[in-house]
Amino acid sequence: MITIGIEGTAHTLGIGITDSGCNVLANVIDMYRPPEGGLHPREAANHHADAVASVISKALSEAGLSVKDIDLVSFSKGPGLGPCLRVAATAARALSAKLNIPIMGVNHCVAHVEIGNATTGCKDPVLLYASGGNTQVIAFANGKYRIFGETLDIGVGNMFDKLGRELGLGYYAGPTIEKLAKEGDKLLDIPYSVKGMDMAFSGILTAAVSLRKKGHRLEDIAYSVQETCFAMLAEVTERAMAHVGKDEVLMGGGVVQNARLRDVIAKMAEERNSKMHVPQPRLCIDNGAMIAWLGHIMYSSGVRMTMDDTKIDQRFRTDEVDVTWR
Ligand code: FE2
């Protein structure tokens with residue numbers, strides 16, 4: 001069974017194609033880059049609408065398939081930015097109607113877990129999902145993927161992006177902050193914001209900007225922000241692992257590209273006699289292959305959707321998904 005997946009929750013338009021064995025036959029990623037300032041949902045959606053037909057063609061040619069070979073179309077139903085989600089849903093509905101094939105709207109966060117399960121060999125992990133739009137600690141418990149901790153305000157990646165803009169480091173500043181942090185050695189006073197099992201990142205942004213105004217080095221600010229945020233993520237992930245009694249941690253989301261975050265989590269896992277699993281970089285960031293794969297396993301477990309079920313859901317919660325395939 002060949003499934004095409006359309007990812008469009010935020011800045012990334014991704015088209016992936018998978019087969020029944022989770023072989024990724026194509027995984028084309030086309031990221032919207034704002035000319036200046038931050039990401040405007042409408043402009044990102046316009047980018048996706050302009051690019052979607054050509055990115056689908058590119059994915060088909062990468063897979064060596066024709067559009068007639070597709071058996072199922074899956075798309076990111078949520079959570080995400082409304083205008084972007086609508087483009088992905090519209091493209092999926094058009095393919096489904098034109099090819100007369102079934103359609104599946106899937107939860108983006110659960111897709112991160114399932115592509116990790118299928119490609120890294122982990123069985124029943126706690127997922128640390130750290131990206132621009134989302135920061136959640138997720139695990140399977142009592143029949144559902146449940147959120148054990150999450151950000152109360154902005155995603156950690158979004159905080160890095162905002163900090164990058166404030167400090168003049170450009171958009172998608174994560175890699176620049178990581179590079180600067182390697183040269184930092186002074187741990188500055190940044191609020192460590194873990195509240196119960198949840199986290200907050202906007203106060204860290206405010207503190208970091210004010211430290212810069214006081215004349216601190218960019219390197220020390222980047223170092224302090226990273227160390228504080230990653231310690232927070234490790235604390236919440238570790239407590240979730242202890243609470244649900246799991247000995248695997250799976251990483252997902254764009255912030256996982258940061259080697260220091262992987263180091264911190266790997267150390268925590270090692271100290272708990274647990275194992276850290278990291279999907280390939282292109283399966284870790286937002287991508288269409290994970291959307292295709294989750295659509296496939298949902299369909300195989302008997303889930304069916306009509307066009308009426310394909311309405312997007314900007315606030316689609318991880319724990320709203322009925323896990324029929326485990
Ligand atoms: Fe994501």
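Positions are given from 1, in the same order as the sequence printed here. Since the model is a prediction, treat every value here as computed from it, not as a measurement.
- Ion pairing between Asp247 and Lys123 fails under the 4.0 Å rule for side-chain N and carboxylate O.
- A salt bridge links Glu235 with Arg239; the closest basic N to acidic carboxylate O contact falls under 4.0 Å.
- Within the 4.5 Å cutoff, no side-chain heavy atoms of Ile138 are placed close to those of Phe148.
- Within the 4.5 Å cutoff, the side chain of Thr3 has no heavy atoms near those of the Asp71 side chain.
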Is there a side chain to side chain donor-acceptor pair (under 3.5 Å) between Thr151 and Thr135 once you walk through the steps?
CA-CA 6 Å; Thr151 178; Thr135 297; 5.6 Å; no
Under the side chain to side chain donor-acceptor pair (under 3.5 Å) criterion, do Glu7 and Thr9 qualify, and how do the steps go?
CA-CA 6 Å; Glu7 156 61 27; Thr9 54; 2.6 Å; yes
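- Contact check for Glu114 versus Tyr145: side-chain heavy atoms found under the 4.5 Å cut-off.
- Other residues, nucleotides and ligands place more than 12 heavy atoms under 6.0 Å from the NZ atom of Lys144.
- When side chains are defined from C-beta on, Val106 does not count as touching Val110, because their heavy atoms never get closer than 4.5 Å.
- Between Thr12 and Asn287 the shortest side-chain heavy-atom distance does not fall below 4.5 Å.
- Judged by distance alone, the side chains of Thr318 and Gln136 do bring a donor and an acceptor atom under 3.5 Å apart.
- A salt bridge does not link Glu248 to Arg272: none of the charged nitrogens lies less than 4.0 Å from a carboxylate oxygen.
- Inter-residue side-chain proximity for Phe316 and Val321 is flagged as met; some heavy-atom pair is nearer than 4.5 Å.
- For Arg315, the CZ atom counts as loosely surrounded, since its 6.0 Å shell holds 12 or fewer non-hydrogen atoms of other residues, nucleotides or ligands.
- Ring pair His108/His112 is perpendicular by interplanar angle, where above 60° counts as perpendicular and below 30° as parallel.
- Using modelled atom types, one side-chain atom of Asp153 and one backbone atom of Phe201 make a donor-acceptor pair closer than 3.5 Å.
- Arg262 places no side-chain N or O within donor-acceptor distance of the main-chain N or O of Ala266, the cut-off being under 3.5 Å.
- Two rings, from Tyr32 and His11, have their centers 6.0 Å or more apart.
- At a threshold of 4.0 Å, the pair Lys246-Asp124 counts as salt-bridged, since one of the basic side-chain nitrogens sits closer than that to a carboxylate oxygen.
- For the pair Arg217 and Asp220, the salt-bridge criterion is met [side-chain N within less than 4.0 Å of a carboxylate O].
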Going through the checks in order, is the side chain to side chain donor-acceptor pair (under 3.5 Å) test met by His47 and Asp30?
CA-CA 9 Å; His47 160 269; Asp30 187 331; 2.9 Å; yes
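- By the 4.5 Å heavy-atom criterion applied to side chains, Asp189 and Leu211 are not counted as neighbours.
- Between Glu166 and Arg212 there is no salt bridge, since no side-chain N of the basic residue sits under 4.0 Å from a carboxylate O of the acidic one.
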Show, in sequence, the C-alpha distance, side-chain angles and deciding distance for Glu320 and Asn107, and conclude whether the side chain to side chain donor-acceptor pair (under 3.5 Å) test is met.
CA-CA 9 Å; Glu320 284 172 39; Asn107 181 288; over 6 Å; no
